[in-house]
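This report refers to the structure that appears directly beneath it.
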Amino acid sequence: MSTAAITVPVTVNDHQNCPATSMLRRAGDKWSVVILSVLERGTYGFNELDRSVEGLSRRMLTRTLRGLEGDGLISRTVHPGVPPRVDYALTELGRSFLEPVRALGLWALAHQSDLEAARTRNR
């Protein structure tokens with residue numbers, strides 16, 4: 001795997017067009033990683049997801065699911081019926097996205113005291 005060198009100065013266009021930028025935003029938004037982590041356990045319907053994440057409005061759940069589906073991290077399957085049932089599941093791409101996110105979380109846990117000490121020093 002090759003890594004692209006960052007050119008200096010970094011332009012707004014460079015930043016906006018970097019593929020890492022949108023995925024770092026996805027990893028850093030309030031609900032995406034939570035929803036992906038829930039879906040790692042298995043397939044969930046919309047209402048099941050709604051009940052599984054406290055404090056998440058239905059509107060924000062819908063927006064987050066659409067974004068995750070648009071990025072290819074989850075799949076959406078509509079089952080016929082009245083009313084139709086919609087199931088959401090993690091894709092292989094979504095599973096692979098969770099690997100570095102989990103590594104970042106483990107790093108944060110391992111360095112929690114260092115981070116807190118630095119924040120205290122720099123206040």
Side-chain angles (χ1 to χ4, degrees):
M1 180 170 125
S2 66
T3 57
I6 294 177
T7 59
V8 177
V10 178
T11 67
V12 171
N13 194 44
D14 292 338
H15 179 66
Q16 290 174 343
N17 291 325
C18 176
T21 299
S22 66
M23 296 318 296
L24 288 169
R25 282 190 186 121
R26 174 69 60 207
D29 80 27
K30 188 171 182 178
W31 299 112
S32 290
V33 173
V34 173
I35 292 170
L36 291 171
S37 297
V38 169
L39 290 175
E40 189 174 28
R41 297 169 172 252
T43 300
Y44 281 72
F46 182 86
N47 289 327
E48 292 170 306
L49 281 171
D50 185 40
R51 289 188 301 271
S52 296
V53 183
E54 189 175 313
L56 174 59
S57 71
R58 292 173 74 83
R59 178 178 178 271
M60 186 53 70
L61 175 58
T62 299
R63 287 183 64 187
T64 304
L65 289 170
R66 285 182 183 154
L68 292 169
E69 183 184 12
D71 286 340
L73 302 177
I74 64 169
S75 63
R76 178 179 182 269
T77 305
V78 179
H79 301 281
V82 180
R85 176 177 168 82
V86 179
D87 285 331
Y88 296 91
L90 204 56
T91 63
E92 287 305 312
L93 187 62
R95 286 186 198 292
S96 69
F97 177 72
L98 277 176
E99 290 174 25
V101 170
R102 186 173 293 110
L104 178 60
L106 292 172
W107 179 90
L109 286 171
H111 295 281
Q112 184 175 4
S113 60
D114 300 325
L115 294 166
E116 289 172 3
R119 291 173 184 145
T120 299
R121 272 193 317 273
N122 295 314
R123 283 190 186 141

Separation between OG of S32 and CZ of R25, rounded to the nearest 0.5 Å: 13.0 Å
Applying side-chain contact (heavy atoms from CB on, under 4.5 Å), can you list everything that pairs with E54, at least two apart in sequence or on another chain? none
Residue pairs passing the ring-ring contact (aromatic ring centres under 6.0 Å, His included) test with at least one member in residues 99-121, sequence neighbours excluded, are W107-H111
Listing, residues 78-93 side-chain donor-acceptor contacts under 3.5 Å, not counting sequence neighbours, or none:
{"residue": "H79", "atom": "NE2", "partner": "D87", "partner atom": "OD2", "Å": "2.8"}
{"residue": "R85", "atom": "NE", "partner": "D87", "partner atom": "OD1", "Å": "2.9"}
{"residue": "R85", "atom": "NH2", "partner": "E48", "partner atom": "OE1", "Å": "3.0"}
{"residue": "R85", "atom": "NH2", "partner": "D87", "partner atom": "OD1", "Å": "2.9"}
{"residue": "Y88", "atom": "OH", "partner": "R76", "partner atom": "NE", "Å": "3.4"}
{"residue": "T91", "atom": "OG1", "partner": "G72", "partner atom": "O", "Å": "2.6"}
{"residue": "T91", "atom": "OG1", "partner": "L73", "partner atom": "O", "Å": "3.1"}
{"residue": "T91", "atom": "OG1", "partner": "L93", "partner atom": "N", "Å": "3.4"}
{"residue": "T91", "atom": "OG1", "partner": "G94", "partner atom": "N", "Å": "3.0"}

Go through the structure and list residues passing side-chain contact (heavy atoms from CB on, under 4.5 Å) with N17, not counting sequence neighbours. N13
Could you work out, with side-chain contact (heavy atoms from CB on, under 4.5 Å) as the rule, every residue matching A118, not counting sequence neighbours? R121, N122
From CH2 (W31) to OG (S37), nearest 0.5 Å: 12.5 Å
Those residues that, when tested against Q112, pass side chain to side chain donor-acceptor pair (under 3.5 Å) (two or more places apart): E116
Compile the donor-acceptor pairs under 3.5 Å between side chains in residues 58-71 and protein atoms, sequence neighbours left out, one pair per line.
{"residue": "R58", "atom": "NH1", "partner": "N47", "partner atom": "OD1", "Å": "3.3"}
{"residue": "R58", "atom": "NH1", "partner": "D50", "partner atom": "OD2", "Å": "2.7"}
{"residue": "R58", "atom": "NH2", "partner": "N47", "partner atom": "OD1", "Å": "3.2"}
{"residue": "T62", "atom": "OG1", "partner": "R58", "partner atom": "O", "Å": "3.0"}
{"residue": "T64", "atom": "OG1", "partner": "M60", "partner atom": "O", "Å": "2.8"}
{"residue": "D71", "atom": "OD2", "partner": "R26", "partner atom": "NE", "Å": "2.9"}
{"residue": "D71", "atom": "OD2", "partner": "R26", "partner atom": "NH2", "Å": "3.2"}

Can you sort out the partners of T11 under side chain to side chain donor-acceptor pair (under 3.5 Å), two or more places apart, ordered by chain and number? D14
Under 3.5 Å, which donor-acceptor pairs do the side chains of residues 38-46 form with other protein atoms, sequence neighbours left out?
{"residue": "E40", "atom": "OE1", "partner": "R102", "partner atom": "NH2", "Å": "2.8"}
{"residue": "E40", "atom": "OE2", "partner": "R102", "partner atom": "NH2", "Å": "2.7"}

For H15, give me all partners under ring pair (Phe, Tyr, Trp, His ring centres under 6.0 Å), at least two apart in sequence or on another chain. none
